[in-house]
K.L.:
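Supplied in structure tokens, the structure appears directly below.
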Amino acid sequence: MESIVGVVATGIYIPMERMTGEEIANKSQLPVDVVTEKMGIQEKPIPGPEDHTAEMGIKAARQAFEKCDVKPEEIDLIIYIGEEYKEYPLWTASIKMQEELGCDRAWAFDVALRCGTTIMALKVAKALMVAETNIKTVLLAGGYRNGDFVDFENPRTRFMYNLSAGGGAIILKENYERNQLHETSIITDGSFSEDVVVVGGGTKLPMSKEVLESNYYQLDVLDPDGMKSRLEEKSMKNFLNVIREALSRSSFTEEDIDYLAILHMKRSAHQYILDELGLNDEQTIYLEHYGHIGQVDQILSLQLAQEQNKLKDGDVVVLVSAGIGYAWGASVIRWG
């Protein structure tokens with residue numbers, strides 16, 4: 001009999017501080033309506049002095065534990081799903097989480113696929129739980145604050161003005177019959193691998209006074225025209241491909257979708273995906289008050305849907321993401 005893996009609880013941490021769409025417009029010299037309507041950013045959370053990357057994941061994990069009967073000492077494995085940009089440049093954040101949360105008998109590791117990390121980690125976690133008899137309860141947790149790398153005076157990075165901050169967590173359990181995690185589909189395309197990078201600070205251009213003075217420590221797009229043309233050709237198609245493949249492998253079709261937990265993107269792209277899948281605005285949440293919290297978006301959308309009573313027993317939920325690199329991913333959950 002195939003193992004059942006279910007979502008026991010989710011947790012979210014959102015910083016208190018906010019940047020409004022009007023502030024982004026002022027910083028970038030864009031019209032306010034372009035930011036608030038076209039880009040779909042009414043406001044977004046930004047990190048306060050204590051809102052460090054892994055720490056935000058720890059706070060989200062604590063909320064997840066508070067919402068269920070699973071105790072930290074029951075966790076067998078921790079997978080850090082936050083960003084590589086965190087408290088220290090060379091550091092295994094999952095092991096810090098293990099210590100801070102009291103998951104004494106767990107082991108831990110970090111994974112990264114940019115904003116596709118949560119989807120990828122769901123696939124990895126389920127595979128490990130099926131394959132390893134001693135992994136029955138898994139915590140996925142991490143934070144995101146890549147908005148620190150955004151230069152509002154660089155028009156090449158305009159599509160990243162929505163990058164914000166927060167933390168997310170998911171607790172998974174084997175033989176948990178509610179909220180069953182079905183199949184996941186992932187596409188990666190290496191033709192985009194060096195389009196969006198932080199040029200300075202790595203082995204090619206080590207950190208220096210020149211790197212700092214030249215803003216090479218911030219996100220940049222090295223081939224904006226080429227990236228735009230390639231994305232226009234592939235991005236929306238790959239969003240739909242991973243959704244449809246994950247559904248098919250889970251023995252569902254797009255007509256079965258009841259809720260779509262989708263990352264924040266410009267309003268027209270969001271609407272295009274809904275239209276192609278035959279969904280309406282009530283079957284998703286547009287994260288215009290949160291911006292793009294990277295790989296946390298899917299967890300946030302899922303939790304908001306629970307709080308707003310958008311989910312009922314038997315609903316087919318699809319989590320979908322895209323990450324710089326480029327990666328597209330979708331996971332299917334049968335809710336309730």
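Remember, it's a predicted structure, so these values are computed and weren't measured experimentally.
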K.L.:
Stepwise, does the side chain to side chain donor-acceptor pair (under 3.5 Å) test hold for D275 with Q271?
P.N.:
CA-CA 6 Å; D275 291 344; Q271 191 60 51; 3.0 Å; yes
K.L.:
Would you call D315 and K310 a salt bridge, using N to O less than 4.0 angstrom?
P.N.:
no
K.L.:
Indicate the atoms forming the closest heavy-atom contact of I119 with G329, along with that distance.
P.N.:
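Smallest interatomic distance, heavy atoms only, reads CG2-C, 3.7 Å.
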K.L.:
Who are the side chain to side chain donor-acceptor pair (under 3.5 Å) partners of Q63, not counting sequence neighbours?
P.N.:
Q303
K.L.:
Please determine whether a side-chain nitrogen of the Lys or Arg among E183 and K123 lies less than 4.0 Å from a carboxylate oxygen of the Asp or Glu.
P.N.:
no
K.L.:
Could you tell me if the side chain of L260 sits less than 4.5 Å from the side chain of V320, heavy atoms only?
P.N.:
yes
K.L.:
Please evaluate residues L304 and L287 with respect to the criterion side-chain contact (heavy atoms from CB on, under 4.5 Å), reporting the C-alpha separation (whole Å), side-chain torsions for both, the decisive distance (0.1 Å), and the verdict.
P.N.:
CA-CA 10 Å; L304 290 174; L287 301 174; 3.9 Å; yes
K.L.:
So do L139 and I79 actually touch side chain to side chain, heavy atoms under 4.5 Å?
P.N.:
no
K.L.:
Applying side-chain contact (heavy atoms from CB on, under 4.5 Å) to H182 and I333, what does each step give before you reach the verdict?
P.N.:
CA-CA 6 Å; H182 284 258; I333 297 172; over 6 Å; no
K.L.:
Do Y161 and Y286 belong together in a cluster built from hydrophobic side chains that touch within less than 4.5 Å?
P.N.:
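Different clusters.
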K.L.:
Any carboxylate oxygen within less than 4.0 angstrom of a Lys/Arg side-chain nitrogen, looking at E100 and K96?
P.N.:
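Yes, charged N to carboxylate O under 4.0 Å.
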K.L.:
Is the shortest heavy-atom distance from the side chain of K44 to the side chain of H264 under 4.5 Å?
P.N.:
no
K.L.:
Is atom CD of E194 surrounded by more than 12 heavy atoms (other residues, nucleotides or ligands) closer than 6.0 Å?
P.N.:
no
K.L.:
Hey, what do you get for CE (M19) to CZ (F152), rounding to the nearest 0.5 Å?
P.N.:
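Here the interatomic distance stands at 4.5 Å.
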K.L.:
Do V296 and I262 sit in one hydrophobic cluster, given that two such residues count as connected whenever their side-chain heavy atoms are within less than 4.5 Å of each other, even indirectly?
P.N.:
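Cluster IDs for V296 and I262 match.
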K.L.:
Heavy-atom distance under 4.5 Å between the side chains of Y272 and L240, does that happen here?
P.N.:
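Yes; the side chains approach each other to less than 4.5 Å.
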K.L.:
Going by an N to O cut-off under 4.0 Å, is there a salt bridge joining D220 and R156?
P.N.:
yes
K.L.:
Just grab all the side chain to side chain donor-acceptor pair (under 3.5 Å) pairs involving residues 325-336, residues at least two apart or on different chains.
P.N.:
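Sorted pair list: T184-S331, S235-W328.
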K.L.:
Treating Ile, Leu, Val, Met, Phe, Trp and Tyr as nodes and any side-chain heavy-atom pair under 4.5 angstrom as an edge, say whether M265 and L219 lie in one connected cluster.
P.N.:
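Looking at the clustering, L219 is in the same group as M265.
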K.L.:
Between F65 and C103, is there a side-chain heavy-atom distance shorter than 4.5 Å?
P.N.:
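C103 reaches F65 side chain to side chain.
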K.L.:
Please check if the side chain of D223 supplies one atom and the backbone of G226 the other of a donor-acceptor pair under 3.5 Å.
P.N.:
yes
K.L.:
Does E254 pair with R244 as a salt bridge, N-O distance under 4.0 Å?
P.N.:
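Yes, this pair counts.
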K.L.:
Strictly by ring-ring contact (aromatic ring centres under 6.0 Å, His included), give each pair with a member in residues 95-135 just once, sequence neighbours left out.
P.N.:
W107-F109
K.L.:
Kindly say whether G48 contributes a backbone atom to a donor-acceptor pair with the side chain of D51 at under 3.5 angstrom?
P.N.:
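Checked: pair present.
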K.L.:
Could you please spell out the steps behind the side chain to side chain donor-acceptor pair (under 3.5 Å) verdict for S185 and E245?
P.N.:
CA-CA 6 Å; S185 173; E245 181 178 338; 3.2 Å; yes
K.L.:
Inspect the contact between E55 and K86 and indicate whether a charged nitrogen and a carboxylate oxygen are less than 4.0 angstrom apart.
P.N.:
no
K.L.:
To the nearest 0.5 Å, how far apart are OG in S301 and CD in Q308?
P.N.:
9.0 Å
K.L.:
Using the rule given for salt bridge (Lys or Arg N to Asp or Glu O under 4.0 Å), can you reason through D33 versus K38, listing the C-alpha separation, both sets of side-chain angles and the distance that settles it, and then say yes or no?
P.N.:
CA-CA 7 Å; D33 64 318; K38 185 175 180 179; over 6 Å; no
K.L.:
Has E73 got more than 12 heavy atoms of other residues, nucleotides or ligands less than 6.0 Å from its CD?
P.N.:
yes
K.L.:
For side-chain contact (heavy atoms from CB on, under 4.5 Å), just list the numbers for I171 and C68, CA-CA rounded to whole Å, side-chain angles, deciding distance to a tenth of an Å, and then say yes or no.
P.N.:
CA-CA 9 Å; I171 297 173; C68 68; 3.9 Å; yes
K.L.:
Do T10 and Q306 touch side chain to side chain, with heavy atoms closer than 4.5 Å?
P.N.:
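A side-chain contact exists here, since the closest heavy-atom pair is under 4.5 Å.
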K.L.:
Can you list the steps and then say if T92 with D110 is a side chain to side chain donor-acceptor pair (under 3.5 Å)?
P.N.:
CA-CA 6 Å; T92 306; D110 297 6; 5.0 Å; no
K.L.:
If I compare all heavy atoms of P47 with all of A165, which pair ends up nearest, and what's the gap?
P.N.:
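Smallest heavy-atom distance, with atoms named: CD-CB, 3.6 Å.
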K.L.:
Look at the side chain of R178 and the backbone N and O of G336, then say whether any donor-acceptor pair between them is shorter than 3.5 Å.
P.N.:
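Checking the backbone N and O of G336 against the side chain of R178, no donor-acceptor pair under 3.5 Å is found.
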K.L.:
Is there a continuous path of hydrophobic side-chain contacts, each under 4.5 Å between heavy atoms, that joins I170 to Y13?
P.N.:
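In one cluster with I170: Y13, no.
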K.L.:
Inspect the surroundings of NZ in K266 and state if more than 12 heavy atoms from other residues, nucleotides or ligands are less than 6.0 Å away.
P.N.:
no
K.L.:
Under 6.0 Å from the CD atom of E177, do we count more than 12 heavy atoms belonging to anything else shown?
P.N.:
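At most 12 heavy atoms, drawn from other residues, nucleotides or ligands, come within 6.0 Å of this atom.
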K.L.:
With sequence neighbours left out, which residue pairs that include part of residues 208-236 fulfil the ring-ring contact (aromatic ring centres under 6.0 Å, His included) condition?
P.N.:
none
K.L.:
Donor-acceptor pair, distance only, cut-off 3.5 Å: does the side chain of T118 make one with the backbone of Q295?
P.N.:
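It does hold such a pair.
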K.L.:
With sequence neighbours left out, which residue pairs that include part of residues 132-145 fulfil the side chain to side chain donor-acceptor pair (under 3.5 Å) condition?
P.N.:
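Sorted pair list: R145-D148.
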K.L.:
Around atom CD of E282, are there more than 12 heavy atoms from other residues, nucleotides or ligands closer than 6.0 Å?
P.N.:
no
K.L.:
Side-chain contact test, heavy atoms from C-beta onward, threshold under 4.5 Å: evaluate it for V242 versus I186 and give yes or no.
P.N.:
no
K.L.:
Is there a side chain to side chain donor-acceptor pair (under 3.5 Å) between T253 and E255? Walk through the geometry before answering.
P.N.:
CA-CA 5 Å; T253 68; E255 287 77 21; 2.9 Å; yes
K.L.:
Which heavy-atom pair separates L247 from V332 by the least distance, and what is that distance?
P.N.:
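That would be N-CG2, 3.9 Å.
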K.L.:
Quick one: does any side-chain atom of D297 pair with a main-chain N or O of I293 as donor and acceptor, under 3.5 Å?
P.N.:
yes
K.L.:
Tell me the closest heavy-atom pair linking S164 and P45, and the distance in Å.
P.N.:
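Heavy-atom minimum between the residues: CB-O, 3.1 Å.
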K.L.:
Within a 6.0 Å radius of atom CD on E87, are there more than 12 heavy atoms belonging to other residues, nucleotides or ligands?
P.N.:
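Buried by this count: over 12 neighbours within 6.0 Å.
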K.L.:
The criterion is side chain to side chain contact (heavy atoms under 4.5 Å, CB included); which residues satisfy it with R114, sequence neighbours excluded?
P.N.:
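Partners of R114 by the side chain to side chain contact (heavy atoms under 4.5 Å, CB included) criterion, ordered by chain and then number, come out as E83, E84, A112, I324.
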K.L.:
After noting the C-alpha distance and the side-chain angles of F159 and M227, does the key distance pass the side-chain contact (heavy atoms from CB on, under 4.5 Å) rule?
P.N.:
CA-CA 12 Å; F159 68 99; M227 179 181 170; 3.7 Å; yes
K.L.:
Hydrophobic clusters here meaning ILVMFWY residues chained together by side-chain heavy-atom distances under 4.5 Å, can you tell me if V7 and M120 are in one?
P.N.:
yes
K.L.:
Mind checking whether T20 and T36 have side chains closer than 4.5 Å, heavy atoms only?
P.N.:
no
K.L.:
For N280, look at atom CG and say whether over 12 heavy atoms of other residues, nucleotides or ligands are found less than 6.0 Å away.
P.N.:
yes
K.L.:
Just by distance, do the side chain of K27 and the backbone of A25 share a donor-acceptor pair under 3.5 Å?
P.N.:
no
K.L.:
Does a sphere of radius 6.0 Å around NZ in K67 hold more than 12 heavy atoms from other residues, nucleotides or ligands, not counting ones at 6.0 Å or beyond?
P.N.:
yes
K.L.:
Could you check whether any side-chain N or O of T53 sits under 3.5 Å from a backbone N or O of Y85, counting only pairs where one atom can act as donor and the other as acceptor?
P.N.:
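Checked: pair present.
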